[in-house]
Amino acid sequence: MLLAYVIVTALWIAGIVVGVYAFGHAAMQRADAFTAADKLSKPAWLGITGAGALVLILMRGGPMTIIWVAGLVAALVYIVDVRPKVLEVQKGSPW
């Protein structure tokens, strides 16, 4: 039982780190890069990642709750899908 508690707590802490990182990254990007990458606007992504991070922080139950999973998915969608496109737009094409 102790091992399960340690694993769930580690997942909870890792989820918080991911959520806060996604929100912080979205906050530091240019607003026009989001629309240029054909993604939702910067305020929309700030709302999505901010709400996700808040859910991850407040849901002490960890991955056992479905709301916690929704917060983690919101942060992961930003990191996996939106972040690379926004960075590509800001960096410019090498061609």
Side-chain angles (χ1 to χ4, degrees):
M1 199 53 117
L2 177 63
L3 179 61
Y5 177 78
V6 169
I7 291 172
V8 168
T9 301
L11 288 173
W12 178 60
I13 292 170
I16 291 172
V17 171
V18 168
V20 170
Y21 171 76
F23 177 75
H25 187 273
M28 294 188 309
Q29 304 310 307
R30 294 188 341 235
D32 62 331
F34 288 87
T35 53
D38 289 330
K39 300 297 177 187
L40 294 175
S41 66
K42 179 177 180 172
W45 278 110
L46 285 174
I48 292 168
T49 57
L54 187 62
V55 164
L56 290 166
I57 291 169
L58 295 178
M59 297 307 260
R60 180 62 175 104
M64 301 303 185
T65 63
I66 192 71
I67 297 172
W68 189 90
V69 173
L72 184 59
V73 166
L76 290 175
V77 165
Y78 176 81
I79 290 172
V80 172
D81 183 41
V82 178
R83 181 180 171 272
K85 302 284 191 215
V86 169
L87 291 177
E88 182 180 323
V89 165
Q90 293 182 93
K91 180 180 172 186
S93 176
W95 301 102

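In this text, all values refer to a predicted model and were calculated from it rather than measured experimentally. Residue indices begin at 1 and follow the sequence shown.
- Tyr78 and Pro84 get closest at one heavy-atom pair: O-CD, 4.5 Å.
- Side-chain atoms of Trp12 come within 3.5 Å of backbone atoms of Leu56 as a donor-acceptor pair (strictly under, hydrogens ignored).
- When the side chains of ILVMFWY residues are joined at heavy-atom separations under 4.5 Å, either directly or via intervening members, Ile66 and Trp68 end up in a single hydrophobic cluster.
- The minimum heavy-atom distance linking Phe34 with Leu40 is given by the pair CB-O, 3.3 Å.
- If you chain together hydrophobic residues whose side chains sit under 4.5 Å apart, Val73 and Ile57 fall into the same group.
- With a 4.5 Å cut-off between side-chain heavy atoms of Ile, Leu, Val, Met, Phe, Trp and Tyr, the cluster of Phe23 takes in Leu46.
- Annotation for Leu2: hydrophobic cluster partners, listed by chain and number, are Val6 (ILVMFWY side-chain heavy atoms under 4.5 Å, direct or chained).
- Between Tyr21 and Arg83, the shortest heavy-atom contact is OH-NE, 3.0 Å.
- What you find for Gly19 and Ala75 is that their closest heavy atoms are CA-CB, 3.8 Å.
- A donor-acceptor pair under 3.5 Å links the side-chain atoms of Lys42 to the main chain of Gln29, judged by distance alone.
- Using a cut-off of 4.0 Å between Lys/Arg side-chain N and Asp/Glu carboxylate O, Asp81 and Lys39 are scored as salt-bridged.
- Shown here for Val82 and Trp45, the closest heavy-atom pair between the two residues is CG2-CZ2, 3.2 Å.
- Of the options Leu72, Leu54, Ile16, Ile67, a side-chain contact (heavy atoms from CB on, under 4.5 Å) to Met59 is made by Ile67 and by none of the others.
- In summary, of the residues considered (Thr49, Ile13, Ile79), a side-chain contact (heavy atoms from CB on, under 4.5 Å) with Val18 occurs for Ile79 alone.
- Applying the under-4.5 Å side-chain rule to Ile, Leu, Val, Met, Phe, Trp and Tyr, the cluster around Leu87 consists of that residue alone.
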